[in-house]
Structures are given as C-alpha cells and as structure tokens.
Amino acid sequence: MQQSMIFNIDDLPRDPLWLVHQPCPVIAYGEACDDGLGPESADVVVADRAAAEAIAERVAKWPIAAMTLVQVLRSTERLPSPLGLDLESLAYSTLQGGEEYAAWQEAFIADALPESDGAAIELERDGAWLTAILNRPASRNAVSVEMRDALLEALAVLEADASIEEMRVYGRGACFSVGGELREFGSSPNPATAHWVRSIHSPARMLDKLGARIRFYLHGACLGSGIELPAFASRVVAHSRTFFQLPELQLGLIPGAGGTVSIARRIGRQRLAWMVLTGKRVNARTALKWGLVDEIRDWQ
C-alpha cells in the first residue's frame with residue numbers, strides 16, 4: 001500500500017481537484033514553498049527533499065492516521081464549522097477502533113491521577129468580564145472529563161448572560177494545558193458512544209458559537225486540545241515562551257477537540273498538516289506570524 005507521495009513543487013499537478021483523488025498524504029517540497037504554504041494540490045509543503053522524506057518516514061509509522069488526517073483536512077476546509085466538527089469526530093472515532101491506536105494504548109503506562117482541590121475551572125465576575133481559570137496545575141491542566149464539563153458550564157454562563165461582554169480564559173500553573181488527559185483515553189464504552197458524547201457535550205461547538213466574546217491567554221505548553229480549543233476564540237494572546245504542539249499522530253489519532261476546524265481556519269490546512277505529521281513544536285513568534293495567535297504579551 002502506498003503510504004505517501006513526494007513531489008517537487010515544480011512537478012506537482014496544479015489542479016486542486018487532483019488531490020481529492022489521492023488516497024495518501026501528498027508531500028511537496030521546493031524553494032517556492034512560502035513558509036509552509038504551497039500549491040493547493042499538496043497536503044503539506046516543506047522547503048527541501050530531506051524534510052519531505054522525514055515526514056514520509058513518520059507517515060509510514062502511522063499510515064492510517066496520517067491518511068485520515070489529510071482526508072479530513074481536504075474536506076473540512078469546504079464545510080461549515082459544525083459539519084467539519086461532525087466529520088472530525090467521526091474520523092477520530094474510526095481511528096479509536098484501529099490498530100495504531102490500540103498499539104499506543106498497549107504501550108502506554110498510566111500513573112494515578114493526582115489529587116486536586118477546588119473547582120476544575122474557577123469563575124470570577126468583574127462587571128462585564130467573566131474570568132475563567134483552569135485550576136488543575138498538578139496535571140498541567142489536562143482536559144479531563146471533569147475539565148471538559150467545567151468548561152461547558154462556564155460557556156453556558158456566557159451564553160445565558162448577554163451582559164457579559166467577554167470571557168477571559170487563563171491556566172494556573174506552569175502551562176495553559178497539555179491537552180487531553182491521556183489517563184482517561186479509552187474510558188468510553190466504545191468509539192460510537194465516544195462520537196455521541198463529542199456531539200452533545202462539545203466545548204468546541206460552544207466555542208465556535210461564542211468565540212467572538214472569548215479571549216484566551218496562553219503560556220507554557222499548549223498541546224493538542226490546549227491549542228485546538230483556544231483557536232476558536234476571536235482573540236488569542238500568548239506569552240513569549242509559549243509553545244504549541246499537536247502530538248496526536250503518535251497515538252494513532254488526529255486532533256479530536258476541534259483542531260481540524262479551528263486551527264486550520266487560522267493557519268491553513270497545509271501548516272496544520274505539517275504540525276501533526278511532524279509533531280514538531282511551534283514557538284510563539286512563528287504562531288504569531290502564521291496567525292495561530294493574535295498577540296504576544298508577557299505577564300507575571
């Protein structure tokens with residue numbers, strides 16, 4: 001089975017519709033690469049052949065997840081956000097039933113969840129502002145079921161109260177959020193039920209709906225859903241030492257907290273594909289240049 005295709009940009013077919021007929025990731029390289037962007041008939045674009053081959057090597061480790069990623073990204077850029085989230089969730093659930101995800105689960109050694117005090121998200125009202133603080137620093141504000149439900153409750157307050165002009169979201173501790181709580185992965189009865197839960201209890205859908213009234217302040221590590229969810233907001237402010245990473249491929253998965261919609265709409269599907277397929281970190285300066293964040297500002 002062909003796992004990826006590598007083209008020099010000059011040799012790449014220029015018809016964008018050509019891409020949708022390709023069953024695997026199409027990797028393009030060449031000097032014409034514009035900082036991660038290139039012809040629409042490529043899934044990911046890099047500067048040279050060595051970088052393209054490095055991506056192809058990673059694709060070969062998780063070919064089904066990589067194929068699913070580019071198929072979803074090709075489709076979601078043409079869909080309204082709600083339908084894009086439906087497609088992402090269906091694809092994510094499909095991969096949860098696959099061998100690549102099962103291999104990660106078998107190798108993953110989970111320690112005990114740390115004990116925690118207080119609400120998962122602390123809310124404070126100050127006039128027209130509502131401040132929400134992720135309050136699980138011991139777990140680096142991982143998005144657990146508890147954290148997800150607390151975020152949904154905070155968003156429900158914002159939705160119900162038109163006098164709140166803006167909700168400002170921070171994270172307590174060393175970083176904003178390391179993404180999904182891996183120790184809870186696989187706790188759903190089955191992939192179909194997991195899709196149902198994501199459809200009816202989805203912070204991504206609420207953030208997409210209410211994003212114009214939300215501002216995120218990010219610092220430290222922002223992994224997986226730790227950037228997928230903030231990317232829905234109208235304004236994202238990052239500390240200069242913030243970094244962003246999408247590690248889902250090595251779990252045999254794709255972004256599943258809305259990132260194929262939220263991040264792609266900010267930086268484009270090719271840069272998003274690069275983030276997932278390489279697994280590399282993006283620093284705050286690059287994130288600002290790409291549009292993943294809107295401002296860099298340091299605070300205590």
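Just so you know, these numbers use all the heavy atoms, side chains as well, and skip hydrogens, waters and symmetry mates.
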Item to check | V26 and its side chain to side chain contact (heavy atoms under 4.5 Å, CB included) partner, picked from I6, V44, L19, V70 | outcome: L19
Sidechain-backbone polar pair: [X] side chain, [Y] backbone, donor-acceptor under 3.5 Å:
X	Y	value
N135	I121	no
R213	L158	yes
E146	A120	no
S177	N141	yes

Next on the checklist: Could you work out, with side-chain hydrogen bond (donor to acceptor under 3.5 Å, both in side chains) as the rule, every residue matching E165, not counting sequence neighbours?
Outcome noted: none
Item to check | Contacts of type side-chain hydrogen bond (donor to acceptor under 3.5 Å, both in side chains), residue S144, not counting sequence neighbours | outcome: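 Counting only residues at least two positions away or on another chain, S144 forms no side-chain hydrogen bond (donor to acceptor under 3.5 Å, both in side chains).
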Checklist entry - What pairs of residues pass the salt bridge (Lys or Arg N to Asp or Glu O under 4.0 Å) test when at least one of them lies in residues 221-247, not counting sequence neighbours? => result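 Pairs touching residues 221-247 that pass the test: R235-E295.
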Next on the checklist: Suppose the criterion is salt bridge (Lys or Arg N to Asp or Glu O under 4.0 Å): which pairs have a residue in residues 168-193, not counting sequence neighbours?
Outcome noted: D111-R183, E122-R172, E166-R168, E181-R183
Hey, any chance [X] and [Y] share a hydrophobic cluster, counting ILVMFWY side chains that come within less than 4.5 Å of each other, even indirectly?
X	Y	answer
L85	L229	yes
V20	W18	no
I164	L207	yes

Item to check | Sequence-distant partners of R49, salt bridge (Lys or Arg N to Asp or Glu O under 4.0 Å), two or more places apart | outcome: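 Counting only residues at least two positions away or on another chain, R49 forms a salt bridge (Lys or Arg N to Asp or Glu O under 4.0 Å) with E53.
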Next on the checklist: Once salt bridge (Lys or Arg N to Asp or Glu O under 4.0 Å) is applied, do any residues pair with K61, and if so which ones, sequence neighbours excluded?
Outcome noted: none
Beyond-backbone contact of [X] with [Y], side-chain heavy atoms, under 4.5 angstrom:
X	Y	result
I55	T278	yes
I263	L246	yes
P82	K209	no

Checklist entry - Should the pair F216 and F176 be assigned to parallel (<30°), tilted (30 to 60°) or perpendicular (>60°) ring geometry? => result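 Plane angle over 60°, so perpendicular.
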Checklist entry - CG of D43 to CD1 of I27: how many Å apart, nearest 0.5 Å? => result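 Reported to 0.5 Å precision, the distance equals 8.5 Å.
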Next on the checklist: Quick check for you: to the nearest 0.5 Å, what is the distance between W62 atom CH2 and W104 atom CH2?
Outcome noted: 13.0 Å
Item to check | salt_bridge(D208, R265) N-O dist < 4.0 Å | outcome: no
